There are 2 protein chains.
Amino acid sequence: MLHVAEAARVSVATVSALINGTATVSPELSARIEQAIRDIGYKRNAIARSLKMGTTRTIGLTVPHITNPFFTDVVSVIQQAFDRAGYAVMLCCTDEDLNTQDDQIRLLLDRMVDGLIVARVGDGALLRGIVEDANVPVVLLDRTLEGVDTDAVVLDNQSAVFDAITYLINLGHRRIAYITGTSDISTMGDRMAGYREALQAAGLPVSPELIRSGNFHEIDGYNATMQLLSLHERPSAIFSANNPMVIGTMKAIRDIGLSCPEDISVACFDDFPWSDVFQPQLTTVAQPVQAIGEQAANLLLDRLAGNRDAPPRKLVLKGRLMIRNSCRPLGAVVQGVTA
Amino acid sequence: MLHVAEAARVSVATVSALINGTATVSPELSARIEQAIRDIGYKRNAIARSLKMGTTRTIGLTVPHITNPFFTDVVSVIQQAFDRAGYAVMLCCTDEDLNTQDDQIRLLLDRMVDGLIVARVGDGALLRGIVEDANVPVVLLDRTLEGVDTDAVVLDNQSAVFDAITYLINLGHRRIAYITGTSDISTMGDRMAGYREALQAAGLPVSPELIRSGNFHEIDGYNATMQLLSLHERPSAIFSANNPMVIGTMKAIRDIGLSCPEDISVACFDDFPWSDVFQPQLTTVAQPVQAIGEQAANLLLDRLAGNRDAPPRKLVLKGRLMIRNSCRPLGAVVQGVTA
DNA sequence: AACGCTAATCTAAACGTTTCGATCCTGTCA
DNA sequence: TGACAGGATCGAAACGTTTAGATTAGCGTT
């Protein structure tokens, strides 16, 4: 900018005024300055600007795993929304690990992000502190945090799972296994509650042997399913509370020589883009990813626009049960054999 | 830092020296300063630091679509690699659109990223200029750019597709359709070349009616497949040069009432994490995503570590044909009926 | 006792912006 | 004719660091 000012024989203040439109500058100087900008190929230094202005027009986004299609989609939507608003987004993957998450949040804060969207992991004392300091607005995505009062957009997990389990019950299933993630995550607790509620509403027992938990990865779903399938009395249906784990479930079913839905019914949380193309077509609880991403972005953009003092807003969206062909009615006895 | 200095009754220079270890500071002052840092809860302002140092320890990463599983995986690997090195990554999705890409690259450059990893789109005069200016190192990912000499990691697309098409030919297929992305992308040209080469090597004609192109989206694959399946003489196999488009292909096959592989064989570029679990299990060309992401990260990290003058390095990795059951041998007549 | 050397510390400039307040014109009005 | 208003322009400080070079203190040498 100094060079531009010199070339145009004006002060830097005038250049700044022209660029930002913060004051009127005469046509002749404008012309000279614009010419100089073109000649020099000047680009404003956003770092210097950020230092002075105290804002980076950059936000931080952390998710447990970007390869989980749910998060992939949400990240995509959020990125687009902020891109439209002229914000950059720094993406971090916490790998379901609290320490990693803390490191990454610190990294983001160091870089003075204007706001944070966090699909949290673990308990998060750090996160709690940030929200309380209230220097940078935080919106919680997908997973709330007990006792932390800040903007959030989540799914009504309990009723979504309630609907799915009830659907299985109505198909005639009685022994319905449930594979969950680690219990410190709000979504997992809520989903489990939906499972229990549905069983109880139908007068069915909740047997601990049918409930397995893992750390959200495919391998965890695989191991859990292996255990379930080797029970003396095998479940007739499995519900997986998490998307990557259901892949493990399907692999275990295949490896053990069974097939879905003939031998065992499967349903899971989170829809796949291709779920109605390949067999079995999985029955899933679809989250409104587009809406979730957009709402989260809007909540944060609203704070960034200056609306700092409004009370925390919590948006609860509804899931939708996508019924396909991975669950079979138990009334009719189907001779299940596939190639 | 000023407050810390005052509280510890030292100069800011001493505080800086201690924090960065750039000079020895006496034990007593160190203690006072550390105490003050703790008391105040001081965090170094990375923006001010960046301004002074001329480095942000942040890189920019642009991909066409993060929802394409290939890019999802690569993004994930790259993010992890830079995270380990203490870098933040700004992610942008260009949506296969040149203008969007240019806007986003400008956004990243404005923010003074130290380097750029670009899975480019379109012709990219802007990109060309950046590489020539050589201010910020650029590594091209997945797609090279004609006449632009910079680090790159790509697949040997031609031989990968050659292998896949040859496999189909060996199964007895003669009318093999090919669905490609837009031709300005290097990968697409190379893949197409592999297709032609394989046909010619087998003495088969390359018929234009069997070649369709689209803009990488599912819907493009759908439309292309619809056209192919309504040809007077239908192809017996379809190869899709891009991952999302093959979903469209499968949907079109389903909608038209055919089934794979009984009525038509399908293979495609890019593996899915779940491809060996659901039916049909797609035969794919798997890219070594882990290696691609890591190599790209390493190339850039090496430049960032100061190795600026080394000549451009181009890494060419090999794909791997994952043979599953979505392509059937044409010799044996299989009575194809599925539920 | 004067000197120089080293290690520790400090002062102040610089990075590239934004912005407040001052200055300088030009023209209008009493 | 002089005062003044208002618009255009500028000078300089500030944002929070890093760092070159100056200063100081302590100590051994001669």
Side-chain angles (χ1 to χ4, degrees), chain A residues 1-37 40-58 86 88 106-114 135-136 306, chain B residues 1-37 40-58 86 88 106-114 135-136 306:
Chain A
M1 181 177 279
L2 181 61
H3 299 117
V4 171
E6 282 169 356
R9 305 187 305 285
V10 299
S11 76
V12 289
T14 309
V15 177
S16 177
L18 176 65
I19 290 176
N20 299 305
T22 51
T24 51
V25 3
S26 70
E28 51 223 309
L29 288 206
S30 297
R32 287 221 302 271
I33 294 170
E34 274 159 6
Q35 184 60 46
I37 287 178
I40 297 183
Y42 166 77
K43 296 246 59 186
R44 176 168 68 188
N45 182 324
I47 296 295
R49 178 165 223 261
S50 291
L51 177 60
K52 185 65 188 168
M53 307 281 279
T55 166
T56 52
R57 289 192 82 77
T58 299
R106 269 189 277 264
L107 181 98
L108 293 169
L109 254 27
D110 276 359
R111 282 173 176 69
M112 304 273 127
V113 290
D114 290 344
N135 275 329
V136 357
Chain B
M1 180 176 279
L2 182 60
H3 300 116
V4 171
E6 282 170 356
R9 304 187 307 283
V10 299
S11 76
V12 290
T14 309
V15 178
S16 177
L18 176 65
I19 290 177
N20 299 306
T22 51
T24 52
V25 3
S26 69
E28 49 221 311
L29 287 206
S30 296
R32 288 221 303 270
I33 293 171
E34 274 158 7
Q35 185 61 48
I37 287 178
I40 297 184
Y42 167 77
K43 297 247 58 189
R44 176 168 67 189
N45 182 324
I47 296 295
R49 178 165 223 261
S50 291
L51 177 59
K52 184 66 189 168
M53 307 281 280
T55 167
T56 52
R57 288 192 83 75
T58 300
R106 269 189 277 263
L107 181 99
L108 293 169
L109 256 25
D110 276 358
R111 282 173 177 70
M112 304 273 128
V113 291
D114 290 345
N135 275 330
V136 356

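Lettering follows sequence order; numbering is per chain, from 1. Because only heavy atoms are used, hydrogens play no part in the values below, and waters and symmetry mates are left out as well, while side chains stay in. Predicted, not measured: the structure shown is a model, and the values here were computed from it.
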Review point. So which nucleotide from C:dC10, D:dT18, C:dT18 ends up closest to the side chain of A:Val12?
Key: C:dT18
Practice item. Kindly point out which of C:dG16, D:dT17, C:dT9 is positioned nearest to the side chain of B:Val25? Key: C:dT9
Review point. For B:Leu2 and D:dT17, what is the distance between atoms CG and P respectively, to the nearest whole Å?
Key: 9 Å
Practice item. Grab the CE-C1' distance between B:Met1 and C:dC10 for me, whole Å please. Key: 14 Å
Review point. Do any side-chain nitrogens or oxygens of A:Arg49 fall under 4.0 Å of OP1 or OP2 in C:dT18?
Key: yes
Practice item. Assign A:Ser16 to base, sugar-phosphate, or nothing according to its heavy-atom contacts below 4.0 angstrom with the strands shown. Key: base
Review point. Starting at CE of A:Met53 and ending at P of D:dG16, how long is that distance when rounded to a whole Å?
Key: 14 Å
Check your understanding: Quick one: does B:Arg32's side chain get under 4.5 Å of B:Thr14's, heavy atoms only?
Key -> no
**Study point:** A:Arg111 versus B:Thr58, side-chain donor and acceptor atoms under 3.5 Å
**Key:** yes
Review point. For the pair made of NE2 in B:His3 and P in D:dG16, what is the distance, rounded to whole Å?
Key: 8 Å
Practice item. Establish, with yes or no, whether the OP1 or OP2 oxygen of D:dT9 is under 4.0 angstrom from a side-chain nitrogen or oxygen of A:Ser11. Key: no
**Study point:** Sub-4.5 Å side-chain heavy-atom contact between B:Asn20 and B:Arg44
**Key:** yes
Review point. Going by an N to O cut-off under 4.0 Å, is there a salt bridge joining B:Asp110 and A:Lys43?
Key: yes
Revision key, fill the gap. Side-chain contact check for A:Ser26: nearest option of D:dT9, C:dA12, D:dT17 is D:dT9
**Study point:** Distance, rounded to the nearest Å, where B:Met112 contributes CE and C:dC15 contributes P
**Key:** 14 Å
Check your understanding: Could you give the NZ-to-P distance, from A:Lys52 to C:dT17, as a whole number of Å?
Key -> 13 Å
Check your understanding: Rounded to whole angstroms, how far apart are CG on B:Leu51 and C1' on C:dT18?
Key -> 13 Å
Review point. Are OP1 or OP2 of D:dT9 and a side-chain N or O of A:Arg9 less than 4.0 angstrom apart?
Key: no
Exercise for review: Can you figure out which of C:dG16, C:dC10, D:dG16 approaches the side chain of A:Asn45 most closely?
Suggested key: C:dG16
Review point. Expressed in angstrom and rounded to an integer, what is the separation of A:Leu29 atom CG from D:dG7 atom C1'?
Key: 13 Å
Review point. Can you find a pair of side-chain heavy atoms, one from A:Ile19 and one from A:Ile37, that are under 4.5 Å apart?
Key: yes
Practice item. Would you mind telling me which residue lines up with the more 5' stretch of DNA chain C, B:Glu28 or A:Ala17, judged by nearest nucleotide? Key: B:Glu28
Exercise for review: State whether A:Asn20 places a side-chain N or O below 4.0 Å from either non-bridging phosphate oxygen (OP1 or OP2) of C:dT18.
Suggested key: yes
